[in-house]
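Here's the structure, in C-alpha coordinates; my notes come after.
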Amino acid sequence: GGYRGVYPNFLAANKKLAGLKIGYDHSEVADWYVKRKSAVAIEDYPILFWLSRAIQQSNLVFDYGGNMGQNYHIYSSKINELLAKEWICYDLPNIIKKARMLNTPNNLTFTDNTDISIRKWTLLCMGSLQYIENFTLFYNLLNEKSPRQIIIAHLPLHESREFVSTQNGGVTYYPVKVNKREEFINSILRFGYEIVDQWDDPISNCFIPFHPQESQAKFYGFYFTKTS
(Lines give C-alpha, C1' and ligand atoms only; values in the text may rest on other atoms or scores of the structure.)
Protein backbone atom coordinates (compact mmCIF):
# COMPACT_ATOMS: atom_id res chain seq x y z
CA GLY A 1 0.00 0.00 0.00
CA GLY A 2 0.92 3.68 -0.25
CA TYR A 3 2.95 5.60 2.31
CA ARG A 4 2.01 8.87 3.99
CA GLY A 5 3.90 11.20 6.30
CA VAL A 6 7.25 11.16 8.09
CA TYR A 7 7.41 10.82 11.89
CA PRO A 8 10.09 10.36 14.56
CA ASN A 9 8.59 7.20 16.09
CA PHE A 10 5.64 4.77 16.13
CA LEU A 11 3.85 6.78 18.82
CA ALA A 12 3.67 9.88 16.63
CA ALA A 13 2.64 7.81 13.60
CA ASN A 14 -0.10 6.02 15.53
CA LYS A 15 -1.48 9.35 16.72
CA LYS A 16 -1.84 10.37 13.08
CA LEU A 17 -3.75 7.12 12.46
CA ALA A 18 -6.12 7.68 15.40
CA GLY A 19 -9.61 6.40 14.63
CA LEU A 20 -8.37 3.85 12.09
CA LYS A 21 -7.66 0.16 12.57
CA ILE A 22 -3.92 -0.06 13.23
CA GLY A 23 -1.42 -2.90 13.11
CA TYR A 24 -1.21 -6.55 12.08
CA ASP A 25 -2.69 -8.32 15.08
CA HIS A 26 -6.24 -8.56 13.71
CA SER A 27 -8.25 -11.49 12.38
CA GLU A 28 -9.18 -9.38 9.34
CA VAL A 29 -5.51 -9.32 8.33
CA ALA A 30 -5.35 -13.11 8.57
CA ASP A 31 -8.50 -13.42 6.44
CA TRP A 32 -6.98 -11.13 3.82
CA TYR A 33 -3.86 -13.32 3.60
CA VAL A 34 -5.96 -16.48 3.27
CA LYS A 35 -7.80 -15.01 0.27
CA ARG A 36 -4.63 -13.66 -1.32
CA LYS A 37 -3.32 -15.69 -4.24
CA SER A 38 0.46 -15.73 -4.36
CA ALA A 39 2.93 -17.10 -6.87
CA VAL A 40 6.64 -16.76 -7.49
CA ALA A 41 7.49 -13.23 -8.67
CA ILE A 42 10.68 -11.72 -10.07
CA GLU A 43 11.72 -10.40 -6.64
CA ASP A 44 11.57 -13.95 -5.22
CA TYR A 45 14.41 -15.35 -7.31
CA PRO A 46 17.32 -14.18 -5.09
CA ILE A 47 15.45 -15.66 -2.12
CA LEU A 48 14.91 -18.96 -3.94
CA PHE A 49 18.61 -19.05 -4.88
CA TRP A 50 19.90 -18.57 -1.33
CA LEU A 51 17.15 -20.52 0.41
CA SER A 52 17.90 -23.57 -1.72
CA ARG A 53 21.50 -23.40 -0.51
CA ALA A 54 20.74 -22.52 3.11
CA ILE A 55 18.54 -25.56 3.67
CA GLN A 56 21.39 -27.85 2.70
CA GLN A 57 22.83 -26.98 6.12
CA SER A 58 19.57 -26.54 8.01
CA ASN A 59 16.84 -28.78 9.37
CA LEU A 60 14.37 -25.97 9.89
CA VAL A 61 13.21 -22.62 8.49
CA PHE A 62 11.90 -20.10 11.03
CA ASP A 63 9.70 -17.66 9.09
CA TYR A 64 9.72 -14.45 11.15
CA GLY A 65 6.44 -12.72 10.34
CA GLY A 66 5.35 -15.70 8.24
CA ASN A 67 1.62 -15.04 8.79
CA MET A 68 -0.48 -17.80 7.15
CA GLY A 69 2.36 -19.77 5.61
CA GLN A 70 2.35 -18.22 2.14
CA ASN A 71 6.14 -18.24 1.89
CA TYR A 72 6.25 -21.98 2.53
CA HIS A 73 3.69 -22.71 -0.17
CA ILE A 74 5.38 -20.43 -2.72
CA TYR A 75 8.93 -21.63 -2.16
CA SER A 76 8.20 -25.32 -1.63
CA SER A 77 6.59 -25.33 -5.08
CA LYS A 78 10.06 -24.56 -6.48
CA ILE A 79 12.36 -26.17 -3.90
CA ASN A 80 11.34 -29.79 -3.39
CA GLU A 81 13.70 -30.25 -0.43
CA LEU A 82 11.48 -27.93 1.62
CA LEU A 83 8.78 -30.58 1.65
CA ALA A 84 11.02 -32.61 3.98
CA LYS A 85 12.11 -29.69 6.19
CA GLU A 86 10.35 -28.27 9.22
CA TRP A 87 8.94 -24.78 8.60
CA ILE A 88 7.73 -22.67 11.52
CA CYS A 89 5.78 -19.44 10.95
CA TYR A 90 6.14 -16.92 13.75
CA ASP A 91 3.58 -14.13 13.94
CA LEU A 92 1.18 -12.24 16.20
CA PRO A 93 -1.46 -14.09 18.29
CA ASN A 94 -4.55 -13.30 16.18
CA ILE A 95 -2.72 -14.30 12.98
CA ILE A 96 -1.51 -17.57 14.53
CA LYS A 97 -4.97 -18.38 15.89
CA LYS A 98 -6.39 -18.21 12.36
CA ALA A 99 -3.42 -20.00 10.80
CA ARG A 100 -3.84 -23.01 13.07
CA MET A 101 -7.34 -23.51 11.66
CA LEU A 102 -5.93 -24.14 8.18
CA ASN A 103 -5.41 -27.56 6.68
CA THR A 104 -1.61 -27.53 6.32
CA PRO A 105 1.18 -30.09 5.74
CA ASN A 106 2.60 -31.77 8.87
CA ASN A 107 5.94 -29.99 8.48
CA LEU A 108 4.31 -26.52 8.53
CA THR A 109 3.50 -25.20 12.01
CA PHE A 110 2.68 -21.85 13.61
CA THR A 111 3.77 -20.07 16.78
CA ASP A 112 3.62 -16.69 18.49
CA ASN A 113 6.61 -17.56 20.69
CA THR A 114 10.31 -17.30 19.85
CA ASP A 115 11.33 -19.12 23.04
CA ILE A 116 11.60 -22.52 21.38
CA SER A 117 14.39 -25.05 21.06
CA ILE A 118 15.77 -25.02 17.53
CA ARG A 119 19.09 -26.18 16.06
CA LYS A 120 20.68 -26.01 12.62
CA TRP A 121 18.15 -23.52 11.34
CA THR A 122 17.65 -20.72 8.83
CA LEU A 123 15.94 -17.45 9.75
CA LEU A 124 13.72 -15.97 7.04
CA CYS A 125 12.40 -12.40 7.33
CA MET A 126 10.21 -11.47 4.37
CA GLY A 127 8.90 -7.92 4.53
CA SER A 128 8.43 -8.10 8.30
CA LEU A 129 11.24 -6.21 10.05
CA GLN A 130 10.03 -2.75 8.98
CA TYR A 131 6.96 -3.18 11.18
CA ILE A 132 9.11 -3.50 14.32
CA GLU A 133 10.21 -0.38 16.15
CA ASN A 134 12.19 -2.06 18.93
CA PHE A 135 14.54 -4.79 17.65
CA THR A 136 15.35 -6.20 21.12
CA LEU A 137 13.37 -9.43 20.61
CA PHE A 138 14.87 -9.91 17.14
CA TYR A 139 18.41 -9.33 18.37
CA ASN A 140 17.85 -11.70 21.29
CA LEU A 141 16.84 -14.34 18.75
CA LEU A 142 20.14 -13.87 16.91
CA ASN A 143 22.18 -13.81 20.09
CA GLU A 144 20.56 -16.73 21.91
CA LYS A 145 19.42 -19.04 19.08
CA SER A 146 22.18 -18.31 16.53
CA PRO A 147 20.61 -19.19 13.18
CA ARG A 148 23.20 -20.52 10.71
CA GLN A 149 21.80 -18.40 7.88
CA ILE A 150 19.64 -15.29 7.73
CA ILE A 151 17.66 -14.30 4.64
CA ILE A 152 16.06 -10.85 4.78
CA ALA A 153 13.99 -9.45 1.92
CA HIS A 154 11.59 -6.63 1.03
CA LEU A 155 13.13 -4.34 3.66
CA PRO A 156 13.10 -0.54 3.14
CA LEU A 157 16.33 1.20 4.12
CA HIS A 158 17.75 4.69 3.58
CA GLU A 159 21.35 5.72 3.02
CA SER A 160 21.38 8.53 5.57
CA ARG A 161 18.01 8.90 7.32
CA GLU A 162 16.06 6.98 9.94
CA PHE A 163 12.33 7.67 10.18
CA VAL A 164 8.84 6.26 10.51
CA SER A 165 6.04 6.53 7.95
CA THR A 166 2.54 5.06 7.74
CA GLN A 167 1.31 2.50 5.24
CA ASN A 168 -2.16 1.69 3.96
CA GLY A 169 -2.32 -2.09 4.19
CA GLY A 170 -5.78 -2.42 2.70
CA VAL A 171 -7.64 -3.73 5.75
CA THR A 172 -5.57 -1.89 8.37
CA TYR A 173 -2.89 0.80 8.59
CA TYR A 174 0.65 0.31 9.87
CA PRO A 175 3.52 2.43 11.13
CA VAL A 176 6.65 1.51 9.13
CA LYS A 177 10.23 1.96 10.32
CA VAL A 178 12.94 2.83 7.79
CA ASN A 179 16.44 2.34 9.18
CA LYS A 180 19.80 3.51 7.85
CA ARG A 181 21.21 0.85 5.55
CA GLU A 182 24.77 0.62 6.92
CA GLU A 183 23.60 0.77 10.54
CA PHE A 184 21.15 -2.06 9.94
CA ILE A 185 23.77 -4.25 8.25
CA ASN A 186 26.27 -3.62 11.06
CA SER A 187 23.65 -4.50 13.68
CA ILE A 188 23.52 -8.01 12.19
CA LEU A 189 27.27 -8.37 11.68
CA ARG A 190 27.98 -7.72 15.36
CA PHE A 191 26.36 -11.04 16.25
CA GLY A 192 29.03 -12.95 14.37
CA TYR A 193 27.64 -12.94 10.82
CA GLU A 194 29.10 -12.07 7.46
CA ILE A 195 27.14 -10.65 4.56
CA VAL A 196 27.31 -12.98 1.56
CA ASP A 197 24.97 -11.12 -0.78
CA GLN A 198 22.65 -8.12 -0.98
CA TRP A 199 20.26 -7.08 -3.71
CA ASP A 200 17.74 -4.41 -4.63
CA ASP A 201 14.06 -5.23 -4.78
CA PRO A 202 13.18 -4.36 -8.41
CA ILE A 203 9.46 -3.90 -7.77
CA SER A 204 8.84 -2.11 -4.46
CA ASN A 205 9.36 1.59 -3.85
CA CYS A 206 9.05 3.88 -0.87
CA PHE A 207 7.48 6.97 -2.42
CA ILE A 208 6.14 9.31 0.29
CA PRO A 209 4.27 12.35 -1.10
CA PHE A 210 5.86 15.71 -0.21
CA HIS A 211 8.95 14.02 1.27
CA PRO A 212 11.49 13.70 -1.57
CA GLN A 213 14.49 12.94 0.64
CA GLU A 214 12.78 10.12 2.55
CA SER A 215 11.36 8.79 -0.74
CA GLN A 216 14.92 7.89 -1.73
CA ALA A 217 14.69 4.86 0.56
CA LYS A 218 14.98 1.57 -1.34
CA PHE A 219 13.93 -2.00 -0.65
CA TYR A 220 16.75 -4.49 -0.13
CA GLY A 221 17.43 -8.16 0.42
CA PHE A 222 20.34 -9.78 2.26
CA TYR A 223 21.89 -13.16 2.86
CA PHE A 224 24.01 -13.54 6.03
CA THR A 225 25.86 -16.61 7.30
CA LYS A 226 27.24 -17.34 10.77
CA THR A 227 31.01 -17.02 11.06
CA SER A 228 31.50 -18.00 14.69
Side-chain angles (χ1 to χ4, degrees), residues 1-26 28-30 32-33 36 41-44 46-47 63-67 70-71 90-92 94-95 123-142 150-191 195 198-224:
Y3 300 92
R4 293 291 185 273
V6 170
Y7 308 94
N9 50 48
F10 275 34
L11 179 62
N14 283 333
K15 285 182 178 179
K16 190 66 176 181
L17 296 173
L20 301 172
K21 189 178 288 292
I22 302 172
Y24 265 96
D25 198 14
H26 301 285
E28 297 93 332
V29 176
W32 183 82
Y33 276 111
R36 185 182 179 193
I42 187 172
E43 62 267 28
D44 290 311
I47 302 150
D63 193 352
Y64 195 95
N67 51 70
Q70 294 91 323
N71 293 331
Y90 165 77
D91 217 301
L92 297 167
N94 280 310
I95 303 296
L123 176 61
L124 180 66
C125 305
M126 296 282 296
S128 55
L129 295 182
Q130 60 263 43
Y131 303 108
I132 302 171
E133 184 171 29
N134 187 334
F135 271 40
T136 300
L137 179 64
F138 178 73
Y139 290 147
N140 286 343
L141 191 65
L142 301 187
I150 305 171
I151 300 173
I152 297 171
H154 312 324
L155 179 66
L157 298 169
H158 196 281
E159 288 300 318
S160 60
R161 300 192 179 202
E162 178 181 305
F163 60 92
V164 173
S165 188
T166 63
Q167 181 181 10
N168 181 350
V171 292
T172 64
Y173 292 80
Y174 320 114
V176 178
K177 178 71 177 292
V178 177
N179 291 288
K180 296 178 183 177
R181 186 175 66 88
E182 286 300 322
E183 287 187 4
F184 174 78
I185 292 172
N186 289 333
S187 76
I188 306 294
L189 299 182
R190 67 188 174 96
F191 290 101
I195 185 167
Q198 62 178 309
W199 58 91
D200 294 351
D201 187 320
I203 302 299
S204 302
N205 70 77
C206 197
F207 173 68
I208 306 171
F210 311 113
H211 295 278
Q213 295 300 319
E214 288 78 5
S215 294
Q216 293 178 23
K218 296 180 180 180
F219 281 75
Y220 293 92
F222 302 93
Y223 181 53
F224 297 91

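Here the shortest heavy-atom pairing between A30 and I95 reads N-CD1, 3.7 Å. Closest approach of P175 to V164, counting heavy atoms only: CB-CG1, 4.2 Å. Taking all atoms of both residues into account, the shortest heavy-atom contact from G23 to H26 is O-CD2, 3.2 Å. Here the closest heavy-atom approach between residue V6 and residue E214 is recorded as CG2-CG, 3.7 Å. Here the closest heavy-atom approach between residue I47 and residue W199 is recorded as CG1-CZ2, 4.1 Å. Closest heavy-atom contact between I42 and P202: CG2-CG, 4.2 Å.
Atom CZ of residue F184 and atom OH of residue Y220 lie 12.5 Å apart, to the nearest 0.5 angstrom. With rounding to the nearest 0.5 angstrom, the NZ atom of K15 is 12.5 Å from the OH atom of Y7. In this structure, CG on D44 lies 10.0 Å from CD1 on I203, to the nearest 0.5 angstrom. One distance of note links SG of C206 with CG of D201; it measures 11.5 Å at 0.5 Å rounding. Annotation: the span from I195 atom CD1 to I188 atom CD1 amounts to 9.5 Å, rounded to 0.5 Å. How far CD of Q130 is from SG of C125: 10.0 Å, rounded to the nearest 0.5 Å.
Counting only residues at least two apart or in different chains, salt bridge (Lys or Arg N to Asp or Glu O under 4.0 Å) contacts with residues 162-179 comprise E162-K177.
Y173 OH: 12 or fewer foreign heavy atoms inside a 6.0 Å radius.
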### Stepwise side-chain contact (heavy atoms from CB on, under 4.5 Å) test for T172 and E28
CA-CA 8 Å; T172 64; E28 297 93 332; 5.5 Å; no

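Remark: R4 pairs with no residue by the side-chain hydrogen bond (donor to acceptor under 3.5 Å, both in side chains) rule, at least two apart or across chains.
Within the 4.5 Å cutoff, side-chain heavy atoms of Q198 are placed close to those of I185. Residues N134 and F10 are not in side-chain contact: their nearest non-hydrogen atoms beyond the backbone lie 4.5 Å or more apart. Using a 4.5 Å heavy-atom threshold, the side chains of I132 and L137 count as separate. No side-chain heavy atom of L123 sits under 4.5 Å from any side-chain heavy atom of F224.
A tilted orientation is assigned to the rings of Y64 and Y90, their planes being inclined by 30° to 60°. Aromatic ring pairs are classed by plane angle as parallel below 30°, tilted from 30° to 60° and perpendicular above 60°; the pair Y131 and Y24 is perpendicular.
A donor-acceptor pair is defined here as one N or O able to donate and one able to accept, closer than 3.5 Å; no such pair exists between the side chain of T166 and the backbone of A13. Looking only at distances, a side-chain donor or acceptor of N94 sits under 3.5 Å from a matching main-chain atom of D25.
Evaluated for a side chain to side chain contact (heavy atoms under 4.5 Å, CB included) with H158, the options K180, Q216, R181 yield exactly one hit, Q216.
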